[in-house]
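We use all heavy atoms of the structure for the numbers below, so side chains are in, but hydrogens, waters and symmetry mates are not. Just so you know, these numbers come straight off a predicted model, no measurement behind them.
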Amino acid sequence: MTRRAAVAAMFAVTLLLLGCSVGARTGGEPAPAPTTGAEAGTTTQATELLKSGTEFIDQMSFRSDIDIASQVTTLAHTDIPHKRADSTVSAFGRVTEIRMIDNEVYLKTELDLPGVGHEWMKLDPARVPSDFALSFAPGSNDPGGSARLINAIVSARADGPHITGTIDLTRVGAGNGINFRPGPDGFPEGARSNAFSATLDADGRLVSFSIPAANGMPNATLRYSDFGAPVDVVRPQGAVPAPDALYPQLGLSG
């Protein structure tokens with residue numbers, strides 16, 4: 001499966017959940033060697049900086065940009081304190097838009113999903129799969145999925161505001177933002193120790209997390225910006241109730 005086809009297939013069933021299905025061997029890959037001593041301490045210090053660098057998510061508005069292999073992109077504006085958010089996901093000329101206002105969730109997609117039209121739809125939040133994570137609840141509200149990336153770090157070192165190291169892409173898991181999903185033959189060799197780099201701004205906030213293409217995995221980049229900027233989300237006119245057929249097609253279970 002080509003990288004382009006893999007990303008396209010993944011996008012068709014996940015919408016906001018961005019990911020890439022890549023194939024290699026099924027299971028049996030050795031786990032990364034555990035870090036010990038000074039290396040473990042260095043990694044802990046670096047990951048704590050990254051975790052502290054994402055505290056802004058629950059505190060202020062921000063913009064997030066995701067790019068996977070220059071083929072799938074997401075632009076999102078999120079304001080957790082005021083419960084406002086919008087997202088635009090683009091892949092190969094197809095666009096999906098999501099708007100959230102308080103407890104209301106609206107979606108419009110250009111994808112040809114069975115039983116689903118192309119008009120604005122109002123979703124029932126109680127019927128949205130958990131791995132689609134359309135919520136303002138703590139831990140479920142980051143469109144970039146930074147926590148899953150940080151938790152998958154194997155080793156890391158901080159040099160001022162720059163952090164570099166390795167990440168186990170098989171442990172990133174499912175959720176909004178960057179996802180890596182195995183293909184029919186599993187993850188490729190080396191996915192458990194892929195390089196990454198991250199940058200903090202002068203206030204210690206995470207502003208970029210980059211994963212270069214390697215070992216058959218695509219490159220992926222997450223960026224945060226526009227901290228504290230107003231987020232104005234308008235309810236779409238004429239939105240219809242989302243059909244039953246939509247809900248099973250959301251999330252990684254779709």
What do the steps show when you test D65 against T73 for side chain to side chain contact (heavy atoms under 4.5 Å, CB included), and what is the final call?
-> CA-CA 7 Å; D65 291 84; T73 62; over 6 Å; no

Working to the nearest 0.5 Å, report the span between OG of S146 and CG of N176.
-> 11.5 Å

V240 reachable from Y106 in the ILVMFWY side-chain graph, under 4.5 Å edges = no

Pairwise distance OG1(T78) to CE(M100) - rounded to 0.5 angstrom | 8.5 Å

Shortest non-hydrogen contact from P188 to G216?
-> CG-C, 4.4 Å

Tightest non-hydrogen contact, residues A239 and K122, listed as CB-N, 4.4 Å

Output yes when a side-chain donor or acceptor of H118 lies under 3.5 Å from a complementary backbone atom of T109, and no otherwise.
-> yes

Side chains of P143 and F62: closer than 4.5 Å at any heavy-atom pair?
-> yes

Go through the structure and list residues passing salt bridge (charged side-chain N to carboxylate O under 4.0 Å, His left out) with E104, not counting sequence neighbours.
-> R235

In terms of hydrophobic clustering (I, L, V, M, F, W, Y; side-chain heavy atoms under 4.5 Å; direct or indirect links), are L111 and W120 co-clustered?
-> no

Gap separating the CG atom of L222 from the CD1 atom of I211, nearest 0.5 angstrom = 9.0 Å

Take Q45 and I163, measure what side chain to side chain contact (heavy atoms under 4.5 Å, CB included) needs, and give me the verdict at the end.
-> CA-CA 10 Å; Q45 180 183 35; I163 298 171; over 6 Å; no

Below 4.5 Å, heavy atoms only, C-beta onward: do V105 and L107 meet side chain to side chain?
-> no

Same hydrophobic cluster for V128 and I80, using side-chain heavy-atom links shorter than 4.5 Å among ILVMFWY?
-> yes

In plain terms, say whether R94 and E110 are close enough for a salt bridge, that is, a side-chain N and a carboxylate O under 4.0 Å apart.
-> no

Are any side-chain N or O atoms of D226 and backbone N or O atoms of A229, one a donor and one an acceptor, separated by less than 3.5 Å?
-> no

What heavy-atom pair brings M60 and G228 nearest, and what distance separates the two atoms?
-> SD-N, 4.1 Å

Any chance you could measure N179, atom CG, to L169, atom CG, to the nearest 0.5 Å?
-> 11.5 Å

Is any side-chain heavy atom of Y224 closer than 4.5 Å to a side-chain heavy atom of D201?
-> no

Side chain to side chain contact (heavy atoms under 4.5 Å, CB included) between V154 and R171: does it pass, once the steps are laid out?
-> CA-CA 10 Å; V154 175; R171 289 169 45 200; 4.2 Å; yes

Do L149 and L49 belong together in a cluster built from hydrophobic side chains that touch within less than 4.5 Å?
-> yes

Are there more than 12 heavy atoms of other residues, nucleotides or ligands under 6.0 Å from atom CZ of R127?
-> yes

Closest contact, heavy atoms only, S210 versus T221 = OG-CG2, 3.6 Å

Can you list the residues that meet the salt bridge (charged side-chain N to carboxylate O under 4.0 Å, His left out) rule with D159, with sequence neighbours excluded?
-> none

Please report the shortest heavy-atom distance between P81 and D58, naming the atom on each side.
-> CG-O, 4.1 Å

What are the two closest heavy atoms between A69 and P218, and how far apart are they?
-> CB-CB, 4.0 Å

Listed by chain and number, what are the side chain to side chain donor-acceptor pair (under 3.5 Å) partners of H162, not counting sequence neighbours?
-> none

F187 side chain reached by M217 side chain, heavy atoms, under 4.5 Å = yes

Listed by chain and number, what are the side chain to side chain donor-acceptor pair (under 3.5 Å) partners of N103, not counting sequence neighbours?
-> none

Validate the cation-pi geometry between R205 and F227: distance from NZ or CZ to the six-membered ring centre under 6.0 Å, angle to the ring axis within 45°.
-> yes

Which value, rounded to the nearest 0.5 Å, describes the distance between L206 atom CG and I57 atom CD1?
-> 8.0 Å

Same hydrophobic cluster for L200 and I167, using side-chain heavy-atom links shorter than 4.5 Å among ILVMFWY?
-> yes

Output all residues satisfying side chain to side chain donor-acceptor pair (under 3.5 Å) with E55, sequence neighbours left out; order by chain, then residue number.
-> none

To the nearest 0.5 Å, how far apart are CD1 in I101 and CZ in R84?
-> 5.5 Å

Determine whether P236 and R99 make a side-chain contact, defined as any pair of heavy atoms from C-beta on separated by less than 4.5 Å.
-> yes

Salt bridge or not for R192 and D168, using N-O below 4.0 Å?
-> yes

For S193 and T166, test the side chains for any donor-to-acceptor distance below 3.5 angstrom and give the result as yes or no.
-> no

Would one find more than 12 heavy atoms of other residues, nucleotides or ligands at under 6.0 Å from atom CG of D232?
-> no

Do the ring planes of F209 and F196 sit parallel (below 30°), tilted (30 to 60°) or perpendicular (above 60°)?
-> parallel

For T54, what residues pass the side chain to side chain donor-acceptor pair (under 3.5 Å) criterion, not counting sequence neighbours?
-> none

Do P243 and M121 have side-chain heavy atoms sitting under 4.5 Å apart?
-> yes

Any donor-acceptor N/O pair, R148 side chain to V172 backbone, under 3.5 Å | yes

